[in-house]
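Some notes on the structure that comes next.
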Amino acid sequence: MKNLSPFILLLFLLATSSCGDFYKLEKSTNWEELYESANTYYNAGEYSKAIILYDKVLPVIRGSEKAELADFNYAYSHFRMKRYIESAGYFNTFYQTYNRSPLAEEALFMNAYSLYLDAPDYNLDQKSSHDAVNAIQLFISRFPESDSYERATAMIDDLQVRFEEKAYQESMLYLRLTEGLYPGEFYRACIINFQNFAKAYPDSKHNEELGFKLVEVSLAYGERSVFDKKEERLKDVSKYGDQFKRRYPESKYLGSIETLIKESQTELVAHLKVKKEYEEQLAKAKLEAEAAKMNQPEATKELSTEIKNN
């Protein structure tokens, strides 16, 4: 200790004294002292210490006038510590408990904001993001005149972008799966997914690309379909292609779309020819079977006569 500079020694003594004071507070049963100290630590930005003291004093002062500020600071302490799930819960509890408080509006906003900050990137599970959207919408409906209204709507817009990007990446995943050994079901999943994406995000920048991919996948699906489904699925190619052309009359994909439609029509003509031949052969076989059935009694009589004569 004797080799320490006076400044460092002073800091060490202050820190030791501070730790000693806080240790004494942790052992204290004087709730007024705990309450004031918790607020002091909170205002000084020492949120972890404030949380410890609020944990001790809140059960004691519950229902009193002091509890409202303590609960509010307690929620904010968790927020400042970036414990967003906890802070969201505590802000929500505050709002439910003190919904007539002047702090209620801020608490409900901070509940939503905490969930928003906890929301993950688009490539992770988006359950918490949906929870955040619900919380933000609740805030907007309860406080439509709030000064935080624009911030709240901006947060929803940002979350919607994440949902859209995740949905797009899922669509592209299904598309990649069609390149595997067993693409059949993934073609169908692609088609459904592309259509659902367009319904959910009608203004998305990805819709033109996915609209083209829809036609492309539909052709591959039709070409590889079982005989009974082939005609219907090949006709879908022209249907989706025409829809695309109406929606994107100046698209860079138009040339490719026309090529895909022509390929589907060529394949359809060949399929209908085979289908016609098959139906004709089937009809012929049916007629022959009916004729044979009609001639069977006469043939049986001739055979009986021949056996009797012998």
Tell me, do [X] and [Y] make a side-chain contact under 4.5 Å, heavy atoms counted?
X	Y	result
Leu159	Ile156	no
Lys275	Phe227	yes
Leu69	Asn73	yes
Glu68	Pro102	yes
Ser204	Tyr168	no
Arg62	Asp71	yes
Phe109	Ser146	no
Val60	Leu34	no

Can you hop from [X] to [Y] via hydrophobic side chains spaced under 4.5 Å?
X	Y	result
Phe194	Ile192	no
Tyr42	Met81	yes
Phe163	Leu115	no
Phe72	Ile85	no

To the nearest 0.5 Å, what is the distance between [atom1] ([X]) and [atom2] ([Y])?
X	Y	atom1	atom2	result
Tyr253	Tyr248	OH	OH	10.5 Å
Glu232	Leu268	CD	CG	12.0 Å
Glu263	Leu234	CD	CG	11.0 Å
Ile51	Glu46	CD1	CD	12.0 Å
Ser171	Glu209	OG	CD	9.5 Å
Asn207	Arg247	CG	CZ	5.0 Å

Could you check whether the rings of Phe79 and Phe91 sit parallel, tilted or perpendicular, using 30° and 60° as the cut-offs?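 Answer is perpendicular, since the angle exceeds 60°.
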Check this for me: [X], atom [atom1], are more than 12 non-hydrogen atoms of other residues, nucleotides or ligands nearer than 6.0 Å?
X	atom1	result
Tyr174	OH	no
Asp157	CG	yes
Glu279	CD	yes

Measure across [X] and [Y] and return the closest heavy-atom pair with its distance rounded to 0.1 Å.
X	Y	result
Gly222	Arg233	CA-CB, 3.8 Å
Phe197	Glu164	CE1-O, 3.5 Å
Ile261	Ser238	CG2-OG, 3.7 Å
Ala167	Tyr201	CB-CE1, 3.8 Å
Tyr74	Leu58	CG-CD1, 3.8 Å
Asn111	Ala135	OD1-CB, 3.7 Å

List the steps and the verdict of salt bridge (charged side-chain N to carboxylate O under 4.0 Å, His left out) for Lys230 and Glu267. CA-CA 9 Å; Lys230 199 176 187 70; Glu267 183 79 12; 3.5 Å; yes
Would you sort out whether Phe212 and Ser251 count as a side-chain contact (heavy atoms from CB on, under 4.5 Å), showing the intermediate values? CA-CA 10 Å; Phe212 165 67; Ser251 173; over 6 Å; no
For the side chain of [X] and the backbone of [Y], is there at least one donor-acceptor N/O pair under 3.5 Å apart?
X	Y	value
Thr153	Glu150	yes
Arg142	Leu138	no
Lys49	Ala38	no

Please lay out, stage by stage, how Thr178 and Leu175 fare under the test side-chain contact (heavy atoms from CB on, under 4.5 Å). CA-CA 5 Å; Thr178 63; Leu175 184 62; 4.2 Å; yes
Consider side chain to side chain donor-acceptor pair (under 3.5 Å). Of Tyr95, Tyr76, Tyr113, which one does Glu106 pass it with?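 The single option meeting the side chain to side chain donor-acceptor pair (under 3.5 Å) with Glu106 is Tyr76.
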Does the separation of the ring centres of Tyr90 and Phe94 fall below 6.0 angstrom?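 Not under 6.0 Å, so no.
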Would a line drawn from the ring center of Tyr47 to the ring center of His78 be shorter than 6.0 Å?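 For Tyr47 and His78, the ring centres are not under 6.0 Å apart.
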Side chains of [X] and [Y]: is there a donor and an acceptor less than 3.5 Å apart?
X	Y	answer
Asp158	Tyr116	yes
Tyr54	Asn39	yes
Gln169	Glu165	yes
Ser129	Arg162	no
Gln195	Tyr240	yes

Pick one: which of Leu260, Ile191, Leu210, Asn193 meets side-chain contact (heavy atoms from CB on, under 4.5 Å) with Val217?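 Only one option passes, and that is Ile191.
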Check Glu258 with Lys245, please: is the shortest side-chain N to carboxylate O separation under 4.0 Å?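 The answer is yes: the pair qualifies as a salt bridge.
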Should the pair Lys66-Glu32 be classified as a salt bridge under the 4.0 Å nitrogen-to-oxygen rule?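 Looking at Glu32 together with Lys66, the answer is no, because their closest N to O distance does not fall below 4.0 Å.
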Under the salt bridge (charged side-chain N to carboxylate O under 4.0 Å, His left out) criterion, do Glu231 and Lys235 qualify, and how do the steps go? CA-CA 6 Å; Glu231 180 179 351; Lys235 287 180 178 179; 3.0 Å; yes
